[in-house]
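Note that the structure is a prediction, hence the values are computed from the model and not measured.
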Amino acid sequence: MEGKVVVLPFDTFLEQFVPIPAKVVEPVVQFAELDLSPVAVKPEPAMYKSLMDALNHEWLLAKYVIHATPHKSHSNVASAGGIDDGLYAPDCVPEEADMTDWEAIEVCIECKTEVSHDPVQALQAGRQPVGVERRRVLGQIMSYAALVFDNQHRTHQFSLILFGTMARLARWDRAGVIFSEAFDYVKDPANIARFLWRYVRMTPEQQGHDMTATKVQPNSLEHNLVLERAKNPLMIGGHKVGEHARREFAKSTKDARWFWKLKVSDGKKAREFLVGRPHFIAYGLAGRGTKGFVAIDCKDPQGPLVYLKDIWRVAHPKMRREGDILAHLRGGPDDTPVPDIPTLICHGDVGDQITRAKEVWKEQNPDASEDQCRLKTHRHYRLVMKEVGLPISEFQNGYELVYLILRAIGAHKGAYEKGVLHRDISAGNVLINILETVTPGGKYNVTREVLLADWELSKFLNDEDSGPRQPGRTGTWQFASAAALADLSKKIDVADEMESFFHLLLYLSIRYLPHNIVDVGHFVEQYFDGHALRSDLEYHGGHTKYNAMLAGAIHFPDIELRFLARRPPPKSALPVPPQEKREDSHKINKIFTTMLTWLSASYRLRDKKLASAEETTSNPTPPPKPSRRAVMQSFSDAQRAAMSSYLANMVRPPQKRDRPTDEPSSEEAYCKAKVPPILPDERKNLEKLAAKLGNHDDVRRLFALQLFGEPETGSNEPDWDPEDKVPDQLPPDYRQGDERSTYRSTLRTGKVPSGGAAVRSDGEPQRKKLRTDSLRLDDRPTRRS
């Protein structure tokens, strides 16, 4: 939250955000008579009940109630944490003692015994709070605000924080947080009273509730429809279709307290969709706050389920809405659509719902330039798409994984040819698309293809020269190119995107395919989550990823990463040596070593420190004999036909090969741990190798050749094991390194990794229902767009 904090005088805070209701006079005499001195006591648990006793008066709170819930949360929400006290509406007071109800809480109230626990002053100055306890308090209040956003449909929310005899109010939205100045609530109890008295008399919209999301009434026709669609399959021609979507919809409705009707309007007409709990929730307190829902289209209540994306997009004139981008990529009736991207149903901004934090910051800093403000303005937006994708981590085997990413690169190429660069390749944005058909004769066919989704951060190529569209950086940290993470001003190009596909393939392979790395958690920590805070006070990428790109090999810690055709013995004390037998080498290694060759050439050319020196050589091993019959038998007839048709077009020799005559017989020759300086006569060859990264067809052909073989040599059956996928090798209790403070972890995730919640490499505790395996980190370093 550094740079995303505004502090206002208390009266200004109330005037702007908690106004006096019309035609009502405040009971100022009763405010002054309120005694809050018993609240400022020790130990901390004594404050909880004292606050309830002091404030639970009908003249003050009407029918609302302050309830102490310090120990755990309501069973409907998978969170181990609970907040000290909370304000609840009269019909939503928790029934179970001491349980925080994150789906119903109105105002979060956190109590601390010491005045020194206030973290806001340091944040206001753009610094991290000094001291472990201040960082912990900041982490707590941020995590509680995130839980409210996760579990409610809100535009904003309020908190009350007490520390010793002092207190602050907070207003959170997706841009940042606005605090009131600290005040002494013992000497001036009227401040807390004024806030609470006004809050309970405000409209739901003023309180922060999204009025375009309405609760479905129990036992209504719509309520029964949700239950019916969650339970009963969609039947076409006597066959069940869309079962993957129905299962996810059923999960989202199971034990849900409420179902919701969400409105999506294009400004002219509105459509409505029925949903349960979010199918996906992106971490991050300040940012886009993406939620995904499997939904019923009220216009076609018995038709296929659809996917609804709820997001707070960056409101910038140069940033186009995702629905507009999808419409452009799909084209008109006479235009060729880009393949393997979502099909737009409808989209639109949600009324006039917009964040206020940046506006208030500018009012408080009238002489500051736009560059001095790290806050962004976000506008609420909804998008509905036809396809409900599966996470790519549900690939069947390594062969299908490579095939799916190959197709995603094809979709990326199609968009690029229409003038759009995706700019956010990640495990969350490459999905499996289940395509089902029933012939007139009643035959059921299903194929698994790819869906390159989430185009909200994409950029039109003709906008590239217009400069950054927003402060900070955007993208997904784990999959961004090492060059982009090292140079914050670098413009993203095709080569960066192809490197992101490389990191995506590596991320999924290291988790689900056999290899010679013993500690997968440590590898993910260093390679994907690695970062450094440099002297410019900006986060940059870690050394492990960058050094691998430069060297053309991934060494961890002292052996070269290799994928294996079979899994090593469980709990092996020693890593498998890199010189394993050729029959033990996985076919996917060829893709990694070849791309690392191209990447190394690109990074060596970019690195200014490399000068002329001795040339190094290596003796590559000849390729193995191919055969792909076994793996192809693992797919259905329809899937085999679709794959073969797609791959046959990929492996046809290009009309003009750009392999230089002086290129080594194997590109693996450059895969060295030690990086040699560039020789004068080597540069031309390196430039040709590096150029392959910027050519979609070169990368696609590399993938396709490993799947389909090389027609001109007569070898067209590469040997892939149909059962090479293994259970997730990332430890379920994986946490980011202990040397990172709770505060910094909270900045990235919006959550405090406390209460026993395991934080995985994707940044997601296992309690979450995910559509993706990836985390977009809004407060973490993100690429400039």
Quiz question: by atom type and distance under 3.5 Å, do the side chains of Asn589 and Thr593 form a donor-acceptor pair? no
Passes side-chain contact (heavy atoms from CB on, under 4.5 Å), His515 versus Gln729? Steps please. CA-CA 10 Å; His515 51 70; Gln729 298 167 97; 3.4 Å; yes
How about Phe528 and Trp477: are their ring centroids closer than 6.0 Å? no
Once side chain to side chain contact (heavy atoms under 4.5 Å, CB included) is applied, do any residues pair with Ser509, and if so which ones, sequence neighbours excluded? Leu401, Leu505, Leu513, Phe563, Ile588, Phe592
Of all the heavy-atom pairs spanning Asp493 and Asp496, show the shortest one and how long it is. OD1-OD2, 2.8 Å
With His117, which residues qualify under ring pair (Phe, Tyr, Trp, His ring centres under 6.0 Å), at least two apart? none
Roughly how far, to the nearest 0.5 Å, is the CD atom of Gln706 from the CH2 atom of Trp720? 7.0 Å
If you take the centroid of each ring, where Trp contributes its six-membered ring, are His531 and His540 closer together than 6.0 Å? no
Go through the structure and list residues passing side chain to side chain contact (heavy atoms under 4.5 Å, CB included) with Glu723, not counting sequence neighbours. Asp721
Classify the angle between the aromatic ring planes of Phe556 and Phe523 as parallel (below 30°), tilted (30 to 60°) or perpendicular (above 60°). perpendicular
When you measure from the centre of the six-membered ring of Phe395, is the NZ or CZ of Lys725 closer than 6.0 Å and no more than 45° off the axis? yes
Quick one: side chain to side chain contact (heavy atoms under 4.5 Å, CB included) partners of Asn433, sequence neighbours excluded? Glu387, Leu435, Leu451
For a quick check under 3.5 Å, do Glu499 and His503 share a side-chain donor-acceptor pair by atom type? yes
Between Glu103 and Arg277, does any NZ, NE, NH1 or NH2 come within less than 4.0 Å of an OD or OE carboxylate oxygen? yes
Donor + acceptor pair across side chains of His422, Glu497 (<3.5 Å): no
Please report the closest heavy-atom contact between Ala408 and Leu452, naming both atoms and the distance. O-CD2, 3.7 Å
Rounding to 0.5 Å, atoms CG (Asp454) and OG (Ser426) come to a distance of 7.0 Å
Would you say the side chains of Asn429 and Asp424 form a donor-acceptor pair under 3.5 Å? yes
Among pairs that include at least one residue of residues 397-408, which meet salt bridge (charged side-chain N to carboxylate O under 4.0 Å, His left out), considering only residues two or more places apart or in two chains? Asp340-Arg407, Glu400-Arg448, Arg407-Glu449
Donor-acceptor side-chain pairing of Lys112 and Gln140 below 3.5 angstrom: yes
Gap between atom OH of Tyr603 and atom CG of Leu596 - 0.5 Å precision: 11.0 Å
Exercise: identify the closest heavy-atom pair between Lys692 and Val699: O-CG2, 3.8 Å
With sequence neighbours excluded, what pairs up with Phe703 under the ring pair (Phe, Tyr, Trp, His ring centres under 6.0 Å) test? none
Counting the benzene-type ring for Trp, do Tyr527 and Tyr507 have ring centres under 6.0 Å apart? no
